[in-house]
Amino acid sequence: MSEDIRNYIGEEPLGCCFSDISGRDFWKAILGSYWHVEEIDEALEIPLVQGVLLHGPFGSGKHTLIQAMAGEMIQGGYRYLELDFRKIPVSCVENVLDFIVSEALVSGPVFLCVNHLENLKDADVLWNFYGRTSQMEHPMLMVGAVEDESKILSDLRRLFHIYWIDLPDRVDRKHFLSENLEELFDNKSIQGMEKMLDGTEGYNYIQLESFVHQLKMRVKYAILKEGKTLELAMAWMENDYIEEVLSKSRQPKKECDISNDLAGILKAFSS
């Protein structure tokens, strides 16, 4: 097998597990159940080779869930491989997949992370790959994530169990904020937490990270520039800083473009 083919296959996951991410208990349970258990899988008629596709809005935590899922599978003996279909020339795709079947899957179970499936324009090549892996002795799990699953060929989507991953709900946001502000809220009232939960509705995880960082920096400024002690700054955070940071970090609502707003168009013509 050519060394060039190997260069298209990644083998270095991020190294996190489900215990490293906050909340998402439902999805941890579902995705964690993809671990192959022969007796149970046979009884439930679950195939040896499976595909999972997560889709949902930007910042909803799709890729984090996949990497944590991979970490769990790696601990159980799966080999991690990763493909990025933006980087694999069309002429090499079949050879890359052949390597996975003939040289990787023969030695043990494989967790295959597939990125940018929307760039794969030949569904047959992945269907053939899926068929070959189904004849192998070891299990394989093929997992990917996209923001818009409709951009993937319909024949490719049929290879995957598709799960919608929404923005973090109130429970998930509370998990995230509690873990990231644990020390600041130790033995304090829940008033501040309720303000944050109400104010961050609709936030994705990237926005939550930014909010937490801004809040910490506001507390730091109070200590350095306003002469407050850490304890007093935390008390002010409960009373004032949370609302202050929330008001500054909210995304402004976009006004409708008149070219896309029928009412605006009619009004323009009538004036």
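None of the values given here were measured: they were computed from a predicted structure.
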Between the side chain of Thr133 and the main-chain N/O of Tyr130, is any donor-acceptor distance below 3.5 Å?
yes

Give the intermediate values and the outcome of side chain to side chain contact (heavy atoms under 4.5 Å, CB included) for residues His36 and Tyr78.
CA-CA 10 Å; His36 176 67; Tyr78 278 67; 3.3 Å; yes

Distance, nearest 0.5 Å, that separates CD of Glu82 from CD1 of Ile66
9.5 Å

Is it the case that the side chain of Lys121 and the backbone of Val90 share a donor-acceptor pair, with hydrogens and angles ignored and the cut-off at 3.5 Å?
no

Taking the side chain as C-beta and beyond, is there a heavy-atom pair between Ile152 and Phe160 under 4.5 Å?
no

Taking all non-hydrogen atoms of both residues, which atom of Lys62 and which atom of Leu54 are closest, and how far apart?
O-CD1, 3.6 Å

Are the charged groups of Glu118 and Arg86 less than 4.0 angstrom apart, N to O?
no

Are Val219 and Leu208 grouped together when hydrophobic residues (ILVMFWY) are joined by side-chain heavy atoms under 4.5 angstrom apart?
yes

Hydrophobic clustering (ILVMFWY, side-chain heavy atoms < 4.5 Å, transitive) - are Leu65 and Val114 grouped together?
no

Could you state the interatomic distance from OG (Ser107) to CE (Met136), rounded to the nearest 0.5 Å?
9.0 Å

Do Cys17 and Gln75 come within less than 4.5 Å of each other through their side chains, counting heavy atoms only?
yes

Quick check for you: to the nearest 0.5 Å, what is the distance between Tyr205 atom OH and Ser22 atom OG?
5.5 Å

Side-chain heavy atoms under 4.5 angstrom apart, residues restricted to Ile, Leu, Val, Met, Phe, Trp, Tyr: same cluster for Met140 and Val125?
yes

Would you say that Leu53 contacts Leu117 through its side chain, given a criterion of any heavy-atom pair below 4.5 Å between the two side chains?
yes

Please determine whether the number of non-hydrogen atoms from other residues, nucleotides or ligands lying under 6.0 Å from atom CD1 of Ile206 exceeds 12.
yes

So, do Asp122 and Val93 sit near enough that their side-chain heavy atoms are less than 4.5 Å apart?
no

Charged N to carboxylate O under 4.0 angstrom, Arg79 versus Glu11?
yes

For a 4.5 angstrom cut-off between non-hydrogen side-chain atoms, does Arg24 reach Thr64?
no

Hydrophobic cluster membership, Trp27 vs Met73, 4.5 Å side-chain cutoff:
yes

Report, as yes or no, whether the 6.0 Å neighbourhood of atom CD on Glu226 holds more than 12 heavy atoms from other residues, nucleotides or ligands.
yes

Measuring from atom CD of Gln67 to atom OH of Tyr80, what distance do you get when rounded to the nearest 0.5 angstrom?
4.0 Å

Could you go step by step and tell me if Leu181 and Met196 meet the side chain to side chain contact (heavy atoms under 4.5 Å, CB included) rule?
CA-CA 11 Å; Leu181 295 170; Met196 290 191 293; 3.7 Å; yes

Rounded to the nearest 0.5 Å, how far does CD of Gln50 lie from OG of Ser134?
10.0 Å

Could you check whether any side-chain N or O of Asp41 sits under 3.5 Å from a backbone N or O of Ile46, counting only pairs where one atom can act as donor and the other as acceptor?
no

Should Ser178 and His175 be marked as a side chain to side chain contact (heavy atoms under 4.5 Å, CB included) after you check the CA-CA gap, both sets of side-chain angles, and the distance that decides it?
CA-CA 5 Å; Ser178 295; His175 277 293; 6.0 Å; no

Before you tell me yes or no, could you show the steps for Ser247 and Glu243 under side chain to side chain donor-acceptor pair (under 3.5 Å), namely the whole-Å CA-CA distance, both residues' side-chain angles and the distance that decides it to 0.1 Å?
CA-CA 6 Å; Ser247 67; Glu243 292 181 359; over 6 Å; no

Using every non-hydrogen atom in the two residues, find where Leu167 and Tyr203 come nearest and quote the distance to one decimal.
CB-O, 4.1 Å

So Leu153 and Leu120, do their side chains get closer than 4.5 Å, heavy atoms only?
no

Does Phe85 share a hydrophobic cluster with Val52, counting links as ILVMFWY side-chain heavy atoms below 4.5 Å and allowing steps through other members?
no

Do Trp164 and Pro57 make a side-chain contact, defined as non-hydrogen atoms from C-beta onward lying under 4.5 Å apart?
yes

Are Phe176 and Thr200 side-chain neighbours, meaning at least one heavy-atom pair lies under 4.5 Å?
no

So does Glu94 have more than 12 non-hydrogen atoms from other groups sitting under 6.0 Å from CD?
no

Heavy-atom closest pair, residues His138 and Leu48:
O-CD2, 3.7 Å

Within the supplied structure, the quantity of interest is the number of heavy atoms (other residues, nucleotides, ligands) at a distance under 6.0 Å from Lys87 NZ; does it exceed 12?
no

Is there a donor-acceptor pair closer than 3.5 Å between any side-chain N or O of Lys174 and the backbone N or O of Asp169?
no

Residue pair Phe211, Leu177: steps toward the side chain to side chain contact (heavy atoms under 4.5 Å, CB included) verdict
CA-CA 10 Å; Phe211 166 72; Leu177 294 170; 4.1 Å; yes

Atom CD1 in Ile242, atom CG in Asp198: separation rounded to 0.5 Å?
11.0 Å

His63 and Ala145 have their tightest heavy-atom pair at NE2-CB, 3.8 Å

Using a 6.0 Å cut-off, check whether atom CD of Glu147 has over 12 heavy atoms from anything other than its own residue.
yes

Do you know the tightest heavy-atom contact between Ala222 and Tyr241?
CB-OH, 3.3 Å

Do you know which two heavy atoms are closest between Phe18 and Glu72, and how far apart they sit?
N-OE2, 2.9 Å

Hey, can you tell me if Tyr163 and Tyr34 have their rings parallel, tilted or perpendicular (30° and 60° cut-offs)?
perpendicular

